[in-house]
Amino acid sequence: MRYHSACSKLKAIKEGLQLHGQVIKRGLSDDVFVQNSLIGLYSACGLVGFGLQLFDKMSDRDVVSWNSMVSGLVGDGFLEEGRLLFDTMLEKSIVTWNCLIDGYVKGGLLYEARGLFDRMKDRDSISWNTMIGGYVNLCLMKDAEVLFSLMPKEMKDLITFNLMVDGYAREGRFKNIVEVFEEMRLLNITPNRFTIVSVLTACSHLVALEQGEWVQAYIERNEIELDAVMGTALVNMFAKCGNIDRAISVFESMEERDVLAWNAMIYNLGVHGYGQQALSVFSDMLKSNIPPDETTFLGVLGACRHSGLVEEGKRYFHLMSEVHGLVPKVEHYGCMVDLLSRADLLEDAKELIETSEMKSSIPMWGALLGASSRLGNVEMGEYAAKHLMTLDPFDSSCYVVLSNMYSAAGMNEKAIAIRKNMKDHGIEKGPGYSSIEINGVIQEFTVGSNSLE
DNA sequence: CTAGGGTTAG
């Protein structure tokens, strides 16, 4: 006999059927309570048909039977059938309405759901939350906001606020998150981990130190356990607000640290110019047997770059693939090119690009061109520009940097020629950067400034 | 102790 542990659904059906058999044997077939449960069980297994058979045979159906049936039908995708049953019901309860509204919401039929919602005489918090949740999931924040403002405040609960927070977070509306959090506090509704972490993230984006500090005090006052997620959110918040010392002390107080927690600490130390400390935290990470990932090395290499630790950077770049089996990505190469360029090692940078998969990467050559321009290495600049023009003939930024480089080197004729060439080819001067997003961090390779931020 | 609402958070 075959048995698939992954098929928990099938297993549940089997057990449900066995249970049903037991029910009949023990003479519990007429128990409404048991029958209602079975209807729910069948539809939960996607077998609402069996539930319907049972429902039809029942002699004494109560409101829960009807509601279980409506819920079962819409839950298994039989919206029309659920609606028909709903329409035949003479005595509906709030739950009946909520079941059907939820069915429409889950089916993406928000207009139908809203029609029912508006027809309800009495609504409870679940009615409101179901509707608001439907709008939030479809990113219809305008509609969600309208209902949120109409919702009686006594009915607003944790779920209501988390729904709004989730919606705002999806759209990057961090200020709204903080505002909604304030309203939540005024109504004395206790936030949960989700709320707290979301608010901390919002504080990071807003660089709202005071608000973030308030949240930290709240966590301490209520003795909320600092798990890896919440701790990391705090670390990022303090670091983003410029307070690396407090970020460090939060990190040190964390009981539980996963890859992302370590990555956040290493990255932020690097950003703040604490290169050696970042490397030392990295070595602690290895000691604690948390395997580093690509992001870890982005932080490590970034720290070396910010602090001019050339030899260390080279070493860790090799370590990344040789010891940890990770494949360096464009961001890692970009970081190395920048690191080497800043140390006036343009030949090394060039070699790194050419001996890798990065041969045809615009940001790489852009970084090299920028560095060459800054260091006044015309020859290398021309070399890089040649690659850039081949890879993207219509990108203006390389012409601009090249021309500026010539001017700075006193080669005005060449500078003018480049400008003319640009004009002749109808290339407009644009912003001239490309960016890559990794783990929510925008890595921008600005050709002109040769920076990785 | 049978029916209805949320979270891929850092």
Side-chain angles (χ1 to χ4, degrees), chain A residues 28 31-44 51 54-55 58 61-75 82 86 89 92-106 113 116-117 120 123-137 144 147 151 155-170 177 191-205 226-237 239-240 247 250-251 254 256-265 267-268 295 439-441:
Chain A
L28 295 169
D31 190 301
V32 187
F33 206 91
V34 171
Q35 288 170 318
N36 293 346
S37 309
L38 281 167
I39 293 171
L41 180 70
Y42 281 125
S43 53
L54 187 65
F55 180 77
M58 283 171 77
R61 290 176 282 238
D62 64 6
V63 69
V64 176
S65 318
W66 286 86
N67 290 345
S68 301
M69 206 58 252
V70 171
S71 166
L73 284 167
V74 301
F86 174 89
M89 285 176 73
K92 302 177 182 77
S93 68
I94 294 185
V95 176
T96 323
W97 289 81
N98 289 347
C99 285
L100 198 57
I101 290 173
D102 186 47
Y104 282 127
V105 162
K106 296 241 160 75
L116 283 174
F117 178 84
M120 284 177 88
R123 304 179 189 101
D124 63 8
S125 61
I126 295 180
S127 322
W128 288 92
N129 288 342
T130 305
M131 233 17 258
I132 292 174
Y135 287 133
V136 167
N137 273 322
L147 282 194
M151 185 172 179
M155 282 194 194
K156 291 182 179 177
D157 61 12
L158 175 67
I159 293 179
T160 319
F161 283 98
N162 282 351
L163 281 172
M164 293 305 288
V165 164
D166 179 34
Y168 287 136
R170 289 188 201 191
I177 292 179
N192 67 2
R193 312 189 78 83
F194 176 80
T195 330
I196 293 170
V197 172
S198 303
V199 172
L200 284 172
T201 311
C203 291
S204 300
H205 286 273
L226 208 62
D227 66 2
V229 178
M230 201 182 282
T232 308
L234 269 175
V235 166
N236 284 330
M237 185 277 294
K240 185 74 196 302
V250 168
F251 182 75
M254 286 168 66
E256 174 198 336
R257 296 172 195 154
D258 59 11
V259 193
L260 273 82
W262 287 99
N263 289 354
M265 194 68 257
Y267 174 82
N268 283 308
T295 312
N439 293 347
V441 179

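Below, all heavy atoms of this structure are taken into account, side chains as well, without hydrogens, waters or symmetry copies. Letters A, B, ... mirror the listed sequences (proteins, then strands); counts begin at 1.
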Rounded to whole angstrom units, what separation is found between the [atom1] atom of [X] and the [atom2] atom of [N]?
| X | N | atom1 | atom2 | value |
| --- | --- | --- | --- | --- |
| A:I94 | B:dA3 | CD1 | P | 17 Å |
| A:W66 | B:dT2 | CH2 | P | 22 Å |
| A:I196 | B:dA9 | CD1 | P | 16 Å |
| A:K92 | B:dA3 | NZ | C1' | 16 Å |
| A:M131 | B:dG6 | CE | P | 13 Å |
| A:M164 | B:dT7 | CE | P | 14 Å |
| A:L200 | B:dG10 | CG | P | 11 Å |
| A:Y42 | B:dT2 | OH | C1' | 15 Å |

Compare the minimum distances between each of [options] and the side chain of [X], then state the nucleotide with the smallest one.
| X | options | value |
| --- | --- | --- |
| A:F194 | B:dA9, B:dG6, B:dG10 | B:dA9 |
| A:S71 | B:dA9, B:dG4, B:dT7 | B:dG4 |
| A:T201 | B:dG10, B:dT2, B:dA3 | B:dG10 |
| A:D258 | B:dA3, B:dG10, B:dT2 | B:dG10 |
| A:T232 | B:dT7, B:dG10, B:dG4 | B:dG10 |
| A:N36 | B:dT7, B:dG10, B:dT2 | B:dT2 |
| A:R193 | B:dA9, B:dT7, B:dT2 | B:dA9 |
| A:V64 | B:dT2, B:dG10, B:dT7 | B:dT2 |

**OP:** Can you check whether any acceptor in the base of B:dG10 is under 3.5 Å from a donor in the side chain of A:D227, or vice versa?
**Re:**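 Counting by modelled atom types and ignoring angles, no donor-acceptor contact under 3.5 Å is found here.
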
Original post:
For B:dT7, does either OP1 or OP2 sit under 4.0 Å from a side-chain N or O belonging to A:N137?
Top reply: yes

Original post:
Are the side chain of A:R193 and the backbone N or O of A:M230 linked by a donor-acceptor pair below 3.5 Å?
Top reply: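 No, because the side chain of A:R193 does not come within donor-acceptor range (under 3.5 Å) of the backbone of A:M230.
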
Subject >> Identified side-chain contact (heavy atoms from CB on, under 4.5 Å) partner of A:I132 from the options A:V105, A:I159, A:T160 >> reply: A:T160

Using a heavy-atom cut-off of under 4.0 Å over every strand shown, decide if [X] touches base, sugar-phosphate, or nothing.
| X | answer |
| --- | --- |
| A:D166 | sugar-phosphate |
| A:S125 | base |
| A:A169 | nothing |
| A:L163 | sugar-phosphate |
| A:I39 | nothing |
| A:S37 | sugar-phosphate |
| A:S198 | nothing |

Original post:
Does the side chain of A:N137 reach to within under 4.5 Å of the side chain of A:R170, using non-hydrogen atoms?
Top reply: yes

**OP:** For A:F117, enumerate each residue passing the ring-ring contact (aromatic ring centres under 6.0 Å, His included) test, keeping only those at least two apart in sequence or located in another chain.
**Re:**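 For A:F117 the ring-ring contact (aromatic ring centres under 6.0 Å, His included) partners, ignoring immediate neighbours, are A:W128.
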
Original post:
Residues in ring-ring contact (aromatic ring centres under 6.0 Å, His included) with A:Y168, at least two apart?
Top reply: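 Not a single residue meets the ring-ring contact (aromatic ring centres under 6.0 Å, His included) criterion with A:Y168.
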
Original post:
Nearest 0.5 Å, what's the CG-CG distance between A:N36 and A:N67?
Top reply: 9.5 Å

Subject >> Sub-4.0 Å heavy-atom contacts from residues 98-106 of chain A onto DNA chain B, ordered by number >> reply: A:N98, A:C99, A:D102, A:K106

**OP:** Mind listing the closest non-hydrogen atom pair of A:L226 and A:M254 along with its distance?
**Re:** CD2-CG, 4.1 Å

Original post:
Do A:S93 and A:T96 meet the criterion of a side-chain donor-acceptor pair at a distance under 3.5 Å?
Top reply: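 Distance-only check passes for A:S93 and A:T96.
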
**OP:** Would you please indicate yes or no on a ring centroid separation below 6.0 angstrom for A:W66 and A:F86?
**Re:**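 A:F86 vs A:W66: aromatic centres not under 6.0 Å.
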
